[in-house]
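One structure is given below, encoded as structure tokens.
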2 protein chains.
Amino acid sequence: MDELNYVPNRLAGGLSGTRSDIVGVVVTSLYHSEFASILDALQSALLKSNLQVMLANTRYDPDQEVTLVRSILSWRPAAVAIIGVDHPPKVTELLRASGVPIIEMWDIGGDVIDTAVGMDHTAVGAAQARHLIERGCKSLAFLGSMRDNDARAQKRATGAAQAITAAGLNDLVFATRPEAGKPDLGDHLARELLSKHPGIDGIICNSDVIAFGVLRALKDLGKRVPEDISVIGFGDSEASSCMTPSLSTVRPDRQRIGEKTAEAILARIDDEPSTTMTLDCELVTRDSTRSI
Amino acid sequence: MDELNYVPNRLAGGLSGTRSDIVGVVVTSLYHSEFASILDALQSALLKSNLQVMLANTRYDPDQEVTLVRSILSWRPAAVAIIGVDHPPKVTELLRASGVPIIEMWDIGGDVIDTAVGMDHTAVGAAQARHLIERGCKSLAFLGSMRDNDARAQKRATGAAQAITAAGLNDLVFATRPEAGKPDLGDHLARELLSKHPGIDGIICNSDVIAFGVLRALKDLGKRVPEDISVIGFGDSEASSCMTPSLSTVRPDRQRIGEKTAEAILARIDDEPSTTMTLDCELVTRDSTRSI
DNA sequence: TACCGTTGCGTTATCGTTAACTTTATGCCA
DNA sequence: TGGCATAAAGTTAACGATAACGCAACGGTA
């Protein structure tokens, strides 16, 4: 086999055999390691069970999501892992009708198709807001990229708004845009926010990458962090600990999500019952929200 | 079809049909968007031609590379895109024997199998070194994660060493480790480097993420950047412009690599001749190497 | 009307492997 | 040594599409 460079034809094998060794993975983005490290952990765990990942990237486009899910299912995968629990109705329908184990990652709650491994994003948003409130912030804003189909970001914003109402503070101010989350966007939105709402003393960013731009803008505007304004991010990007000031954030354990998803896939292939696994996020307190 | 949620079986279609619509993509890492944004651009370009990406991640493990390439080929892909031009001999042999169009990405030079789209990493390393030399640095170090199988990093280091020799300066000092490139590693290596070689006044980092840790360590050690030590990274991570001081770096146009790879794949599927495409990197001068 | 080229439609071999099935060989015991 | 259970080996029918093929219908021309 080796000498002739023979490579078996898995299309034939898959067509004939009873089980497939493809796992379809549907993500909404690959930028900024948002899901890349989940994918990394998932893939290396699946490798041990000889499962091959087939990747689809919807780029937050719901039409693409339908197309790509159909495309993934056409490979008769052993299982499908997909980001989020909020999908276009047709996606849910296709996945349900396929009879294939479906693992929804990153988010939980509501209408889980089969099995879910993720965080409670409403709780995350509430935790971010409460952290800033504990630090003495009185006037909070939620800032960042917010895609129409990023239900997670919307849940975090909702959670934050609820926590603020519960604390009896002024309403949460929104500074969002449906564009991709890059530092320049954070920079721009921070300037715009402070010119309209000069009293803001706490900013919840929708991602660390956005927060980087916010920190840059605040420095440029002569605002001290955290003395004048506290900033908290989401995602714990590797660079966050190296910012000046270092960025407080919320750390989702992406590696664990990937590993647990792999476990769930194997369990469901083995016909074990479906479950929902809620993972906690760690609040990482650094200098951008340090008590003063 | 829609009503019954019918999804055609592509295993059957692939087995029967003359052409496959899979493109195998082999990367060495997914962390830190090193290749994630190439993948992102590649995938969205291929989507327009109804080509599906099948992903494999070797994690810089040459044995895995052989296994994964074999696995990818077993799907009878329409083309294979793979990071790098330096592979284990068996990989080259398998790819050659497969008769499938092969696009090597990210690096160029030497023993191209078929078509390559990438940068001259030796030139990149030389450009980094020359930039620091122009800024007045006399004693340079190359610092970062260096995997045994990361031929690109080795080429950049070689290029830097050659430029230094050409300038008649002291030999390049190496501070490398075969571990994954994270800020903590950069932090650690910078401290170790400066305790052994206190005269170092210019550090070439193997990645921006490593450089973040270096900047953090230097700040902690009371070294001024760029007054005492200049630092340059590689990769132009999104956070780099938000560092204090902002990080000078080299920007490979990942999006363009992805797009050009997609173009090359389509061209080769159409039986157009193979080519090698050299892309230039932009030197991004920021405060960490600003003239003083 | 006969002829021929074109089109449309229905049938069937084929892709390369797996798994079920049949046949043959082997080993053990009475 | 025969009989039977078991193991090994060999054979064949799927798997679900595609594409080649054959045949009938059709239309234009001589």
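Sequence lines set the chain letters: A, B, ... in the order given, protein chains first and strands last, and positions in each chain run from 1. It should be emphasised that the depicted structure is a prediction, and the values quoted were computed from it without experimental measurement.
Rounded to 10°, the angle separating the first-five-pair axis and the last-five-pair axis of the helix from dT1(C)-dA30(D) to dA30(C)-dT1(D) equals 50°.
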Protein-to-nucleotide contact annotation, 5' to 3' order, nucleotides 10-17 of chain D [B base; S sugar-phosphate only; - none; under 4.0 Å, heavy atom]: ----BBBB
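A 4.0 Å heavy-atom criterion places the boundary nucleotides of DNA chain C facing chain A at dG16(C) to dA19(C), written 5' to 3'.
Remark: Asp86(A) engages Lys155(A) in a salt bridge, criterion side-chain N to carboxylate O under 4.0 Å. Note on Arg256(B) versus Glu259(B): no salt bridge recorded, every NZ/NE/NH1/NH2 to OD/OE distance being 4.0 Å or above.
Residues passing the ring-ring contact (aromatic ring centres under 6.0 Å, His included) test with His87(A), sequence neighbours excluded: none.
Put simply, the residue from Ile22(A), Asn9(A), Val7(A) that forms a side-chain contact (heavy atoms from CB on, under 4.5 Å) with Trp75(B) is Ile22(A).
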Scan the side chains in residues 94-101 of chain B for donor-acceptor partners under 3.5 Å anywhere in the protein, sequence neighbours excluded, and list what turns up.
unit_1, atom_1, unit_2, atom_2, d
Ser98(B), OG, Leu95(B), O, 2.6
Ser98(B), OG, Val100(B), N, 3.2

Worked verdict on Asp184(A) versus Lys182(A) for salt bridge (charged side-chain N to carboxylate O under 4.0 Å, His left out): CA-CA 5 Å; Asp184(A) 288 350; Lys182(A) 305 199 172 193; over 6 Å; no
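Annotation: salt bridge (charged side-chain N to carboxylate O under 4.0 Å, His left out) contacts involving residues 58-71 of chain B, sequence neighbours excluded, comprise Asp2(A)-Arg70(B), Asp40(A)-Arg59(B).
For the atom pair OG1 (Thr28(B)) and OH (Tyr60(B)), the distance works out to 3.5 Å, reported to the nearest 0.5 Å. To the nearest 0.5 Å, atoms CD (Gln64(A)) and CG (Leu47(B)) are separated by 4.5 Å.
Thr249(A) and Asp236(A) are not linked by any side-chain donor-acceptor pair at a separation below 3.5 angstrom, with hydrogens and angles left out of the test.
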